[in-house]
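Input: a single structure, listed below in structure tokens.
For the numbers below, each heavy atom of this structure counts, side chains included, while hydrogens, waters and symmetry mates do not. Numbering starts at 1 and runs along the sequence shown.
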Amino acid sequence: MYSKILSLRFPKDIVNEPITVNLVKEFDLSFNILKATIYPRKEGIAVLELSGHRKNFQKGVRYLKGLGIKVESIGQDIKRDDDVCFQCGACTAVCPTGALYIKRPEMEVVFESEKCSACEWCVSACPARAMSVKFNKGLLD
Ligand code: SF4
Ligand code: SF4
């Protein structure tokens with residue numbers, strides 16, 4: 001089983017397509033929608049965990065891209081400003097996926113963007129405002 005958290009940016013002309021149904025029926029993939037902001041006749045964005053056989057996963061992503069959807073690993077949208085982060089560890093207490101954790105014995109706060117689900121809990125938990133989520137800013141303005 002292959003699984004990855006992806007952000008999908010939809011052009012406005014296809015937001016009404018039965019895309020998730022096709023992912024299940026045509027490619028035998030399962031998905032878990034973590035976040036979605038899609039308005040009729042406007043661009044939209046969704047964050048989902050897509051799972052299945054690796055080959056089907058790749059076919060499914062090709063299908064999405066063929067529809068004009070921009071598909072990216074969610075890690076490309078969540079950033080930590082390492083110049084600002086002072087390693088306090090507060091974010092690790094709220095991160096539900098283990099993307100932020102304390103590496104021992106170094107006691108270093110590590111951010112593994114591949115595990116991030118874009119819940120944004122760390123953004124408000126961080127006293128230094130080091131964490132930022134950029135994917136839904138600007139697209140729907
Ligand atoms: S947005 Fe922050 S708290 Fe949420 S999963 Fe990603 S790193 Fe963890
Ligand atoms: S809460 Fe902010 S400052 Fe503290 S370790 Fe996490 S990212 Fe760094």
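Atom CG of Asp81 has more than 12 neighbouring heavy atoms from other residues, nucleotides or ligands inside a 6.0 Å radius. Atom NZ of Lys59 is surrounded by 12 or fewer heavy atoms from other residues, nucleotides or ligands within 6.0 Å.
One finds the CG atom of Leu48 at 8.5 Å from the OG1 atom of Thr20 (value rounded to the nearest 0.5 Å). Rounded to the nearest 0.5 Å, atoms OG (Ser117) and CG (Asn32) are 9.5 Å apart. Atom CD1 of residue Ile5 and atom SG of residue Cys116 lie 7.0 Å apart, to the nearest 0.5 angstrom. With values rounded to the nearest 0.5 angstrom, Trp121 atom CH2 is found 9.5 Å from Cys95 atom SG. With rounding to the nearest 0.5 Å, the separation of NZ in Lys65 from CG in Leu8 is 10.5 Å. Rounding to the nearest 0.5 angstrom, the gap separating the CD1 atom in Ile102 from the CD atom in Glu108 is 10.5 Å.
Here the closest non-hydrogen pair linking Ile19 and Phe10 is CD1-CE2, 3.4 Å. Nearest heavy-atom pair across Gly98 and Lys115 is O-CD, 3.8 Å. Here the closest non-hydrogen pair linking Leu23 and Tyr63 is CD2-CD2, 4.1 Å. Counting all heavy atoms, side chain and backbone alike, Met131 lies closest to Cys126 at N-SG, 4.4 Å. Contact between Ala125 and Ala90 at its shortest, heavy atoms only, is O-CB, 4.0 Å.
Val24 and Val21 fall into different hydrophobic clusters, where Ile, Leu, Val, Met, Phe, Trp and Tyr residues are linked whenever their side-chain heavy atoms come under 4.5 Å apart, directly or through other members. Side-chain heavy atoms closer than 4.5 Å link hydrophobic residues (I, L, V, M, F, W, Y) into clusters, and following such links, possibly through other members, connects Ile33 to Val71. Under the 4.5 Å side-chain contact rule for hydrophobic residues, Tyr101 and Val94 do not share a cluster. At a threshold of 4.5 Å between side-chain heavy atoms, the hydrophobic network of Ile, Leu, Val, Met, Phe, Trp and Tyr places Leu100 and Phe86 in two separate groups.
In terms of modelled atom types and a separation under 3.5 Å, the side chain of Lys35 and the main chain of Ala118 share a donor-acceptor contact. A donor-acceptor pair is defined here as one N or O able to donate and one able to accept, closer than 3.5 Å; no such pair exists between the side chain of Glu72 and the backbone of Ser7.
Taking the side chain as every heavy atom from C-beta outward, Met1 and Arg54 never approach each other to under 4.5 Å.
For the side chain to side chain contact (heavy atoms under 4.5 Å, CB included) test with Leu6, the passing option among Ile69, Val47, Val61 is Val61; the others fail.
For Asp82, the side-chain hydrogen bond (donor to acceptor under 3.5 Å, both in side chains) criterion is met by Arg80, not counting sequence neighbours.
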Note to self: Could you go through Cys119 and Leu34, starting from their C-alpha distance and side-chain angles, then the distance that decides it, and tell me whether this counts as side chain to side chain contact (heavy atoms under 4.5 Å, CB included)?
What the structure shows: CA-CA 8 Å; Cys119 72; Leu34 303 168; over 6 Å; no
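Using a 30° and 60° split on the angle between ring planes, Tyr2 and Phe57 fall in the perpendicular class, above 60°.
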